[in-house]
Amino acid sequence: MQEILGKITEKYPPAEAEIITRAFELAHKAHQGQERHSGENYITHPIKVAQILADLNLDYETVAAGLLHDVLEETQTKFENLEKEFGPSVAFLVQAVTKLHRVSYSGEKQYVENFSKMILGTAKDIRVVLIKLADRIHNLETLETFKGDKEKIALETLEVYAPLASRLGMGEIKALLEDLAFPYVYPEEYLKTVEVTQNQIKENKIYLEKIKPRVEQILKENNILATTVSARTKHLYSLWKKLQKYDFNLERIYDLVALRVLVPDVSACYETLGILHKYW
């Protein structure tokens with residue numbers, strides 16, 4: 001955990017890193033003796049939530065609140081103590097996330113939109129929603145060991161939290177939430193999708209990794225300063241939805257994997273497109 005904390009704090013100036021470290025120390029002490037359903041020490045959850053938030057390059061207050069997000073609900077820590085130790089902003093974020101935990105989802109589709117609005121309304125500060133999304137991601141990553149209703153949590157994710165991430169313009173987070181929830185809501189469909197696609201995706205990924213250095217070389221020769229050149233696999237949940245339209249005919253899916261080239265501006269984008277079309 002100290003290693004993860006180190007990777008988090010190195011992203012921030014010393015004064016901000018010190019606050020994040022103090023938040024970790026308080027959370028670690030407050031959750032002492034508590035365990036997750038997996039049997040791991042409880043602190044593994046808030047540190048993972050904080051890591052997700054730091055990877056999203058969010059401000060230090062959000063990361064500190066991520067570390068502390070369960071202390072009001074799961075420990076004897078008082079709001080006044082948080083406010084005194086970390087200031088009103090961090091204390092407010094933790095309190096607001098605690099209130100969100102208590103917002104109940106009925107599971108009825110006609111209320112999905114209202115529930116989403118209620119989350120946004122309750123949050124008031126968008127950072128509260130971001131902490132909640134990070135919390136949901138790690139809970140889904142460890143859902144296998146959860147003793148309660150796994151399907152309900154996964155279904156709530158597909159119907160509420162993934163669309164909410166999409167509404168906030170967080171496409172990768174939306175796709176990640178969907179992929180994590182997919183096997184619990186539609187287990188048979190998930191296994192079928194994996195079975196149908198895994199070999200082809202594996203072959204395509206090998207091909208992409210082979211041509212990636214070639215693409216980088218071509219761009220360099222043409223004085224294109226690409227920010228990044230990266231390969232990505234189509235997310236399983238969106239792939240399943242697409243396969244349904246084509247009777248699970250994989251040959252009709254053309255974006256199982258893709259090579260993404262990021263460039264600084266629009267003119268470089270069109271120039272890059274023209275250059276690559278000479279070769280592919």
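What you see is a predicted model, and the numbers here were worked out from it, not measured in a lab. Computation of the quantities below employed the complete heavy-atom set of this structure, encompassing side-chain atoms and omitting hydrogens, waters and symmetry-equivalent molecules. Each residue takes its place number in the sequence, starting with 1.
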Between Q200 and L250, which heavy-atom pair has the shortest distance, and what is it? CB-CD2, 3.6 Å
Taking side chain as C-beta onward, heavy atoms only, is L177 less than 4.5 Å from R136? yes
For the OH atom on Y190, are there more than 12 heavy atoms of other groups (residues, nucleotides or ligands in this structure) within a distance under 6.0 Å? no
Do the non-hydrogen side-chain atoms of T75 and Q32 ever get within less than 4.5 Å of each other? no
Would you indicate whether the side-chain heavy atoms of V94 and T77 approach each other to under 4.5 Å? no
Evaluate whether atom CD of E221 has more than 12 neighbouring non-hydrogen atoms of other residues, nucleotides or ligands under 6.0 angstrom away. yes
Would you say the side-chain atoms of Q34 pair up with the backbone N or O of E74, donor to acceptor, closer than 3.5 Å? yes
Looking only at non-hydrogen atoms, find the nearest pair between V90 and L68 and report the distance. CG1-CD1, 4.0 Å
How about NZ on K132, more than 12 heavy atoms from neighbouring residues, nucleotides or ligands closer than 6.0 Å, or not? yes
Hey, any chance Y246 and V257 share a hydrophobic cluster, counting ILVMFWY side chains that come within less than 4.5 Å of each other, even indirectly? yes
Heavy-atom side-chain proximity of E216 to K212 below 4.5 angstrom: yes
State whether the side chain of T142 and the backbone N or O of H138 hold a donor-acceptor pair below 3.5 Å, judged by distance alone. yes
Should Y279 and V261 be regarded as members of a common hydrophobic cluster, given that ILVMFWY residues are connected when their side-chain heavy atoms come within less than 4.5 Å of each other, either directly or indirectly? yes
Pair E209 + K205: basic N to acidic O under 4.0 Å: no
Tell me if the CD atom of E73 is crowded by more than 12 foreign heavy atoms within 6.0 Å. yes
Give a yes or no on this: more than 12 heavy atoms of other residues, nucleotides or ligands lie within 6.0 Å of atom OH of Y270. no
Find out if a path of hydrophobic residues (ILVMFWY) with successive side-chain heavy-atom gaps under 4.5 Å connects Y42 to V71. no
Hey, is the main chain of R127 close enough, under 3.5 Å, to the side chain of D125 for a donor-acceptor pair? yes
Checking V215 against L219 for the side chain to side chain contact (heavy atoms under 4.5 Å, CB included) test, could you report, in this order, the C-alpha distance in whole Å, the side-chain angles of both residues, the deciding distance, and whether it holds? CA-CA 6 Å; V215 169; L219 296 180; 4.1 Å; yes
Distance-minimising heavy-atom pair for A175 and H235: CB-CD2, 3.3 Å
Could you list all the salt bridge (charged side-chain N to carboxylate O under 4.0 Å, His left out) pairs where at least one residue sits in residues 26-42, not counting sequence neighbours? none
Under a plain distance cut-off of 3.5 Å, with no hydrogens placed, do H69 and D135 share a side-chain donor-acceptor pair? yes
So does H37 get a backbone contact from the side chain of K147, meaning a donor-acceptor N/O pair under 3.5 Å? yes
Apply the test side chain to side chain contact (heavy atoms under 4.5 Å, CB included) to residues L155 and Y184: give CA-CA distance (whole Å), side-chain angles for both, the deciding distance (0.1 Å), then the verdict. CA-CA 8 Å; L155 184 62; Y184 295 98; over 6 Å; no
N41 side chain near H31 side chain, heavy-atom distance below 4.5 Å: no
Is any NZ, NE, NH1 or NH2 atom of the basic residue among K192 and E188 found under 4.0 Å from an Asp or Glu carboxylate oxygen of the other? no
Side chains of L259 and W280: does their closest heavy-atom pair fall under 4.5 Å? no
Return yes if some donor-acceptor pair links the side-chain N/O of R22 with the main-chain N/O of E85 below 3.5 Å, else return no. yes
Is it the case that over 12 heavy atoms from other parts of the model lie below 6.0 angstrom from the CG atom of N249? yes
Check step by step if side chain to side chain contact (heavy atoms under 4.5 Å, CB included) holds for L140 and L176. CA-CA 10 Å; L140 286 168; L176 176 58; over 6 Å; no
Under a 4.5 Å side-chain heavy-atom rule over Ile, Leu, Val, Met, Phe, Trp and Tyr, are I224 and L273 clustered together? no
Is Q2 close to F24 at the side-chain level, that is, under 4.5 Å between some pair of heavy atoms? yes
Heavy-atom pair with the smallest gap, counting every atom of F92 and F79: N-CE1, 4.1 Å
Do the non-hydrogen side-chain atoms of K245 and R252 ever get within less than 4.5 Å of each other? no
When you group the ILVMFWY residues by side-chain heavy-atom contacts below 4.5 Å and let the links chain together, are L262 and L56 in the same group? no
